[in-house]
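When reading the values below, keep in mind they use all heavy atoms of this one structure, side chains included, and skip hydrogens, waters and symmetry mates. Along the sequence shown, residues are numbered consecutively beginning with 1. Atoms within a ligand are numbered from 1 in the order they appear, just like the ligands themselves.
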Amino acid sequence: MNITTYLKEQSRLVDQALDRYTTLGNRAPGSPALEGLPPTLLEAMRYSLLAGGKRLRPALVIAAAGLYGLAPEQVMPTACAMEMIHTYSLVHDDLPCMDDDDLRRGMPTSHKVYGEAIATLVGDGLLTLAFEMLARQAEIAGVAPDQALRVVTEVAVGAGAAGMVGGQVEDLAWEGRRADGAQLERIHAMKTGALFRASLRAGAILGGATLAELVALDRYAAQFGLAFQIQDDVLDVTGDTAKTGKATGRDLRHEKSTYVSLYGLEGAQERARHAVAEAVAALAPFGERAQILIRLAEFVVDRDA
Ligand code: GRG
């Protein structure tokens, strides 16, 4: 199985579903209610949501659910909810009060096109819509209400103050100061890792995972997140804006400690490779069923975008 082909196919399905879920009048089971939503807000939400991106978090939901034989469409509301939350975080992260970026996913950032107030509300709207979708999936055949509730809890923990939002606060607090390796790992485990972890857990919960299996996926998620973040730091130095769709050199401009600034380019890459090996080792309990998750971990350090 070629992971690039796999990701392309999953992205196509996710893009179609995101389009459907944000189209007025859609009555498919599990879809949100959009009637009355101001047209400019819906347009601005769709602008950022349908701008591309690797769709990694949905891929993790789908791959984790796939461990239990679920098809992508059975977990599509959850997969799309994770992408909505991720997109909200990017829109807010790009605001002038945060990283103040002009380019995202190869396009002008939300606040450049719609202004700061709408961009802030786009983020708020996407975050809330994500939770509406997670709750509504109890309306879909095969998703038991107690499963849907567990997924809501997992995602709230990963996206909230003890996860992604808290990590962003920590990240901002360290700007201009030199964090050590352990501090950096803590920041990114919250800021980026928590959403990957929630994606994997959500997919696995929908598939009926045991507690031991969730623990194995947590170990995978931690190493996957670390490898992803190291490569993100590497690409901020070596990446090509035409491919990453965002400016490079942002970390230096914001005086952020990164894996590259701490360990050098080669040292950082070596650490990323080690993290991938650890991620793969964590999947041992799943045997052959884990092939996609293995390839996804390899992909995060091989990617150029
Ligand atoms: C509440 C005002 C307010 C702000 C919160 C939570 C937050 C803003 C920001 C933190 C999240 C963040 C921007 C993390 C950065 C992680 C990262 C490297 C994102 C890029 O992810 P990719 O490479 O992007 O998966 P694509 O575009 O491929 O989806």
For this session: May I ask you to identify the nearest protein heavy atom to atom 14 (C) of ligand 1, giving residue, atom name and distance to one decimal place in Å?
Result: Lys191 CE, 3.3 Å
Exercise. Looking only at protein heavy atoms, which one is nearest to atom 3 (C) of ligand 1, and how far off is it?
Worked result: His92 ND1, 3.3 Å
For this session: Go through the structure and list residues passing salt bridge (charged side-chain N to carboxylate O under 4.0 Å, His left out) with Asp251, not counting sequence neighbours.
Result: none
For this session: Report the relative orientation of the aromatic rings in His188 and Tyr259; use parallel for angles under 30°, tilted for 30 to 60°, perpendicular for over 60°.
Result: tilted
For this session: Heavy-atom contacts with Asp93 under 4.0 Å: which atoms of ligand 1 show up? List them by number with element.
Result: 13 (C)
Problem set entry | Top protein contact for atom 19 (C) of ligand 1, by heavy-atom distance | Leu90 CD2, 3.7 Å
For this session: Using a strict 4.0 Å threshold on nitrogen-to-oxygen distance, state whether Arg46 and Glu43 make a salt bridge.
Result: no
Exercise. To which protein heavy atom is atom 18 (C) of ligand 1 closest, and what is the distance rounded to 0.1 Å?
Worked result: Asp232 OD2, 3.3 Å
Exercise. Among His86, Arg105, Gln168, Gln229, which one has a heavy atom closest to atom 21 (O) of ligand 1?
Worked result: His86
For this session: Count the heavy atoms of every other residue, nucleotide or ligand shown that sit under 6.0 Å from NZ of Lys54, and state whether that count exceeds 12.
Result: yes
For this session: Just jot down the side-chain contact (heavy atoms from CB on, under 4.5 Å) partners of Ala156, sequence neighbours excluded, or say none.
Result: Phe131
Seminar exercise, completed: Under 4.0 Å from one or more heavy atoms of Gly53, ligand 1 contributes atoms 26 (P), 27 (O), 28 (O), 29 (O)
Problem set entry | Atoms in ligand 1 flagged as close to Met98, the criterion being non-hydrogen separation under 4.0 Å | 2 (C), 3 (C), 4 (C)
Exercise. What protein heavy atom sits nearest atom 16 (C) of ligand 1, and how far away is it?
Worked result: Thr192 OG1, 3.9 Å
Problem set entry | Salt bridge present between Glu83 and Arg57 (N-O < 4.0 angstrom) | no
Exercise. Ignoring hydrogens and geometry, is there a side-chain-to-backbone donor-acceptor pair from Arg250 to Lys246 under 3.5 Å?
Worked result: no
Problem set entry | Basic-acidic side-chain contact under 4.0 Å: Asp236, Lys256 | no
Problem set entry | Distance from atom 28 (O) of ligand 1 to nearest protein heavy atom, with residue and atom | Lys54 NZ, 2.7 Å
Exercise. What protein heavy atom sits nearest atom 25 (O) of ligand 1, and how far away is it?
Worked result: Arg57 NH1, 2.8 Å
Exercise. Which residue supplies the protein heavy atom nearest to atom 17 (C) of ligand 1, what is that atom called, and how far is it?
Worked result: Phe228 CE2, 4.2 Å
